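Residue numbering restarts at 1 for every chain, and letters A, B, ... go by the order of the sequence lines. What you are looking at is a predicted structure, and each value in this text was computed from that prediction instead of being measured. As a basis for the values below, the full set of heavy atoms in this structure was taken, side chains included, without hydrogen atoms, waters or symmetry mates.
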Amino acid sequence: MIRNAQILGGPAQDILIADGTFQQIGTDLRAEADVEIDATGLVALPGLVDLHTHLREPGREDAETVLTGTQAAAKGGYTAVHAMANTFPVADTAGVVEQVWRLGKESGYCDVQPVGAVTVGLEGKKLAELGAMHDSAAGVRVFSDDGKCVDDAVIMRRALEYVKAFDGVVAQHAQEPRLTEGAQMNEGQVSGELGLGGWPAVAEESIIARDVLLAAHVGSRLHVCHVSTAGSVEIIRWAKAKGWDVTAEVTPHHLLLTDELVRSYDPVYKVNPPLRTAEDVQALRKALADGTIDAVATDHAPHPAEDKDCEWAVAAMGMVGLETALSVVQQAMVDTGLLNWEGVADRMSHRPARIGRLAGHGRPVSVGEPANLVLFDPAYRGTVNPESFATRSRNTPYRGLDLPGRVHATFLRGTATVLAGELVEPGEPA
Amino acid sequence: MKRHLVSAADLSRDDALLILDTAEELAQLSGRAVKKLPTLRGRTVVNLFFEDSTRTKTSFEVAEKRLSADVINFAAKGSSVSKGESLKDTALTLQAMGADAVVIRHHASGAPARLAQSDWLHGSVINAGDGTHEHPTQALLDAFTLRRHLNPGLGNDLSGRRVTIVGDVLHSRVARSNVLLLNTLGAEVTFVAPPTLVPIGIEHWPCEVSYDLDAALAKTDALMMLRVQRERMNAAFFPTEREYARRYGMNGRRLARLPEHAVVMHPGPMVRGMEITAEVADSPRCTAVEQVANGVSIRMAVLYLLLGGATLADAPSTNQSEAAK
Ligand SMILES: [Zn+2]
């Protein structure tokens with residue numbers, strides 16, 4: 001029994017959970033419950049769904065495992081994550097996606113939905129066995145070569161067409177490879193001054209423009225990963241206005257941080273796509289608010305310390321993000337008045353689940369639905385301390401910063417995975 | 001002065017003039033029979049070169065030895081290392097050896113900045129050229145050379161002097177450091193380059209930009225040629241060497257159109273034929289050789305001020321009270 005929770009930021013209500021579902025919701029519920037949680041002041045949201053997580057297992061267990069990654073996800077309020085395919089070996093066969101899926105089941109902290117590679121070995125040359133991955137126990141519906149762009153227009157067209165057979169979606173990491181040779185940060189005033197190779201906005205925008213036209217041509221679903229520029233937003237807006245089935249995501253860090261931070265040459269800010277300008281950040285916020293961008297996706301990219309404690313040029317790209325996502329979204333979107341909690345639930349749970357065709361997630365907090373739930377304390381103020389993270393890596397740009405809010409509790413099908421901000425053993429009585 | 005010299009932006013006008021004036025004093029040393037000062041005796045300076053550069057390394061080494069420092073040459077091959085362990089590990093080693101200063105040349109932009117900000121090393125960091133970012137001692141020696149030709153005298157700056165920098169600005173650390181330092185010293189900078197070799201965002205730099213070398217010549221007090229790396233041609237920055245030479249190369253015809261007092265500078269090594277003809281390179285108005293000599297004086301001054309004494313009052317000669325203000 002959860003007392004006085006503000007569902008989607010609304011008036012305080014009680015929520016009774018039993019048998020993995022919401023049994024009763026209302027004021028002053030009279031029911032016997034084993035456990036009572038006082039949720040006064042807490043906002044209740046449906047369990048968050050991430051479309052873009054790097055769990056690193058198999059292959060880079062020194063950076064993250066399915067277990068530590070799902071623990072981080074639970075601490076961030078997530079009940080389902082999509083695990084990206086750029087592992088070692090690459091998740092480009094039924095065998096590998098099933099392995100990841102099983103590891104997720106065993107973890108118990110969060111559902112893991114593997115993403116399948118579009119091409120064999122992420123090499124962009126030959127389609128992977130998309131159908132076999134879909135037909136496997138993992139039931140893959142999202143396919144992506146993320147980390148790399150499917151830049152061959154014919155391969156991209158075929159992938160889009162082929163996945164129609166099982167209602168799949170191709171999630172593109174839009175990066176024109178020739179335009180980004182040697183790229184190390186956003187191309188602009190700062191890269192010019194720092195003498196770092198530039199990653200121009202047009203390298204992202206030109207691929208998105210091509211892909212929305214391809215998707216429209218073959219009548220398929222396209223999802224655009226981690227949109228980072230104002231120009232990309234305009235193209236997606238145009239494609240949606242045409243009625244095409246195009247969706248897009250933005251990361252929390254692209255909603256908050258700019259390339260000015262790179263002046264420190266601190267590799268913690270090195271990420272792909274790179275941090276862009278303040279104008280881009282404003283455009284992304286606005287697009288997320290008006291629904292042009294459908295979802296917030298973390299692009300949680302853990303790296304061990306030695307891959308970041310070095311000079312900029314050789315540092316790995318990526319940031320961890322699961323445990324700070326909701327706080328960053330509060331700061332960038334809610335506290336700025338751009339999005340209310342209903343909007344947050346839509347962009348971080350409902351829509352990502354719909355894009356991934358993930359049954360049982362992204363459902364409303366209402367009677368009869370699976371009890372995937374996060375209780376979030378928006379009034380909490382504290383300093384980000386990476387040492388307390390559950391993720392195995394510490395590459396966060398928010399170290400020592402004050403971010404608002406904190407996940408108080410997370411429930412996966414009625415079972416608490418996080419209580420009072422701390423992980424609990426799944427299945428442990430709350 | 002700050003503890004490190006990573007960027008020309010680290011230098012205030014007073015800092016820069018202090019270095020130039022100190023270098024003038026130290027330059028007199030090279031005329032003496034015994035070219036050595038005891039200033040840095042007992043101090044350890046490491047030359048950490050991740051990228052080959054005989055000229056810059058030799059220049060620093062001569063400067064260090066003239067100041068009696070203990071010199072360690074550390075040639076590191078960093079380019080084959082996929083992770084960044086080599087810079088950090090090397091720095092920790094140098095720290096253990098008690099390096100008082102590290103002169104670093106690195107193929108990656110930002111490596112000296114990272115070294116200066118990290119807790120890997122406690123000594124001073126002097127940037128001897130990082131990637132396509134900066135090369136502040138080159139800018140200082142260029143300013144030193146310019147001042148000698150255009151406004152000689154201790155305490156003088158370069159106010160109102162017009163410097164035209166020609167060539168591959170995009171990939172030039174010399175250009176980045178020079179635009180900052182020359183601006184600090186009051187000079188007006190114009191970059192001339194094909195549009196493909198002009199950095200994005202240059203409109204925010206304190207300079208003018210032109211694509212037309214001939215138009216810039218008449219209003220130039222000093223023409224600074226940048227090195228063009230031949231491998232740039234493969235990346236389609238310009239069509240052919242011949243076309244580059246025709247539009248942006250320095251030749252006798254263009255030399256004749258410069259004002260009489262104007263000099264032609266080059267950081268070396270010169271690619272004769274493409275960026276500068278032999279006629280110009282060997283002309284008395286070309287300062288390339290002089291720049292090399294001035295490099296030693298400038299590097300002595302920088303090491304002296306960072307490691308030795310922080311004020312000009314401690315400088316080896318006594319008659320620069322004017323500049324100390
Ligand atoms: Zn990506």
*Asks:* For residues S264(A) and Q117(B), report the shortest heavy-atom separation together with the two atoms involved.
*Replies:* O-OE1, 2.9 Å
*Asks:* If you take all heavy atoms of K88(B) and D309(A), which pair is closest and at what distance?
*Replies:* NZ-OD2, 2.5 Å
*Asks:* What's the shortest heavy-atom distance between T132(B) and L196(A), and which atoms?
*Replies:* OG1-N, 4.4 Å
*Asks:* Using a 4.5 angstrom heavy-atom cutoff, name the option from A113(B), G110(B), S118(B), G201(B) with the most pairs to chain A.
*Replies:* G110(B)
*Asks:* Over all heavy atoms of both residues, which pair between C310(A) and W120(B) is shortest? Give the atoms and the distance, please.
*Replies:* CA-CH2, 3.8 Å
*Asks:* So which atom in G195(A) and which in S109(B) form the shortest heavy-atom distance, rounded to 0.1 Å?
*Replies:* O-OG, 2.5 Å
*Asks:* Answer yes or no: are there more than 12 heavy-atom neighbours, outside E181(A) itself, under 6.0 Å from its atom CD?
*Replies:* yes
*Asks:* Show the nearest heavy-atom pair for residues K308(A) and R114(B), with the distance to one decimal.
*Replies:* O-NH2, 3.4 Å
*Asks:* Hey, what do you get for CG (L115(B)) to CD (E311(A)), rounding to the nearest 0.5 Å?
*Replies:* 9.0 Å
*Asks:* Flag yes if more than 12 heavy atoms outside R394(A) fall under 6.0 Å of its CZ atom; otherwise flag no.
*Replies:* yes
*Asks:* Among A313(A), S191(A), P267(A), which residue has the highest count of heavy-atom pairs closer than 4.5 Å to chain B?
*Replies:* P267(A)
*Asks:* Measuring from D130(B):CG to Y265(A):OH, what's the distance to the nearest 0.5 Å?
*Replies:* 5.5 Å
*Asks:* Counting only heavy atoms closer than 4.5 Å, note whether E193(A) contacts chain B via side chain, backbone, both or neither.
*Replies:* both
